[in-house]
Protein chains: 2
Amino acid sequence: MKVSTRGEYALRALILLGQHPNVIPIAEISEKTLVPVNYLEQILLQLKHLGYVKSKRGIRGGYILRKSPEQIVIGQVIRQLEGPLAPMGCVSVTAYDPCPLEEKCLLKPLWTLIRDTVSQLLENTTLNDLLEDQISIPEGSMKLK
Amino acid sequence: MKVSTRGEYALRALILLGQHPNVIPIAEISEKTLVPVNYLEQILLQLKHLGYVKSKRGIRGGYILRKSPEQIVIGQVIRQLEGPLAPMGCVSVTAYDPCPLEEKCLLKPLWTLIRDTVSQLLENTTLNDLLEDQISIPEGSMKLK
DNA sequence: GATAATCTTTAGCATATTAGTCAACTTTTT
DNA sequence: AAAAAGTTGACTAATATGCTAAAGATTATC
């Protein structure tokens with residue numbers, strides 16, 4: 001049930017960019033986020049292609065947010081960087097992968113519930129929520145049965 | 001955010017065993033769950049060492065549940081078979097792994113929330129719940145802010 | 001007690017993923 | 001022109017995953 005470094009690193013970079021309105025060179029992002037420069041380049045490039053950031057070349061170049069923090073949905077970033085949020089292919093909406101057992105599978109409801117829960121959580125969190133440190137425990141939290 | 005086949009297969013086997021009160025040979029479990037025999041042997045062995053099942057050797061041998069379905073907590077099975085439920089080491093209770101950013105990390109609250117949510121879900125589901133197909137969407141579902 | 005079914009255990013392998021490095025190249029600014 | 005900075009792609013090392021092979025140990029039944 002892990003999130004890979006790629007997603008984590010991307011979010012770190014986005015947070016840093018969200019905290020500063022100006023262009024920041026990769027080297028500085030790397031320092032502040034503790035992500036190796038060369039690896040970070042790949043990730044920033046991908047974020048650029050996805051439209052989250054834009055880059056400026058040359059002597060005072062670097063990266064800057066393209067979308068506003070309210071428009072950047074964490075769930076989407078993670079999905080785009082490291083694949084479906086679903087724990088199993090059989091319950092993935094973005095990468096459905098059928099399974100021969102499916103019909104009478106007693107596990108599917110559980111995987112579905114997990115998928116829905118995690119998805120709901122991440123789809124309703126934006127970069128802005130993170131920046132404002134507004135993540136909190138939902139009120140009437142999870143109850144089964 | 002994937003669950004590996006190992007956890008999935010273990011649960012499939014436990015479900016099958018939970019559905020039958022008698023000893024079932026590996027070959028039959030393999031057929032019914034669609035898991036390769038040799039791989040299944042490893043997994044059942046691990047489940048045996050963990051105390052979930054017991055085995056009977058010889059000509060009418062096979063596997064049978066050791067604990068009752070109510071006592072088998074899905075979250076624990078998954079954790080024991082494939083490691084911590086937490087999405088990141090920095091928020092894992094069973095395998096905490098510090099991170100230099102931690103203090104001012106704006107991501108940690110999010111990871112914590114995910115960990116707590118998934119954990120709560122899986123820790124409150126037993127094999128019995130699966131057998132009775134009683135997994136359902138929690139009432140006052142997730143709300144952020 | 002032989003034997004056949006079954007469990008037990010170890011070793012190994014192929015593939016995929018992850019994390020990261022390196023180096024050459026292009027663009028832009030000064 | 002030169003320097004700073006982004007762009008790109010190839011390449012590597014480590015690890016995890018999914019699975020196979022095979023030899024050995026145990027036990028129920030005849």
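In what follows, every chain begins at residue 1, and chains take the letters A, B, ... in the order their sequences are listed. The shown structure was predicted, so the numbers you read here are calculated from the model rather than taken from an experiment.
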A/R12 side-chain N/O to A/T33 backbone N/O, donor-acceptor pair under 3.5 Å: yes

Sugar-phosphate, base or nothing in reach of B/K2, heavy atoms under 4.0 Å: nothing

Base versus backbone protein contacts along nucleotides 10-24 of chain D [heavy-atom cut-off under 4.0 Å; B, S, -]: B-------SBBB---

Salt bridge (charged side-chain N to carboxylate O under 4.0 Å, His left out): pairs with one or both residues in residues 79-89 of chain A, sequence neighbours excluded: A/R79-A/E123

ILVMFWY clustering at 4.5 Å (side-chain atoms), partners of A/I64: A/V23

Hydrophobic cluster identity match, A/L101 and A/L106, side-chain contacts under 4.5 Å: no

Would you give me the side-chain donor-acceptor pairs under 3.5 Å for residues 68-78 of chain B, sequence neighbours excluded?
from	atom 1	to	atom 2	distance (Å)
B/S68	OG	B/E70	OE1	3.0
B/S68	OG	B/Q71	OE1	3.3
B/Q71	OE1	B/S68	N	3.2

Separation of atom CD1 in B/I59 from atom C1' in D/dT27, rounded to whole Å: 9 Å

Identified side-chain contact (heavy atoms from CB on, under 4.5 Å) counterpart of B/L14 within the set B/L130, B/L65, B/L131: B/L65

Rounded distance in Å - CD1 (A/I43) to C1' (D/dT7): 15 Å

Five-pair end axes of the helix from C/dT8-D/dA23 to C/dT30-D/dA1, angle between them (10°): 0°

Separation of D/dT8 P from A/I26 CD1 (nearest whole Å): 12 Å

Sugar-phosphate, base or nothing in reach of A/L44, heavy atoms under 4.0 Å: nothing

Range on DNA chain C touched by chain B, heavy atoms, distance below 4.0 Å: C/dA5 to C/dA11

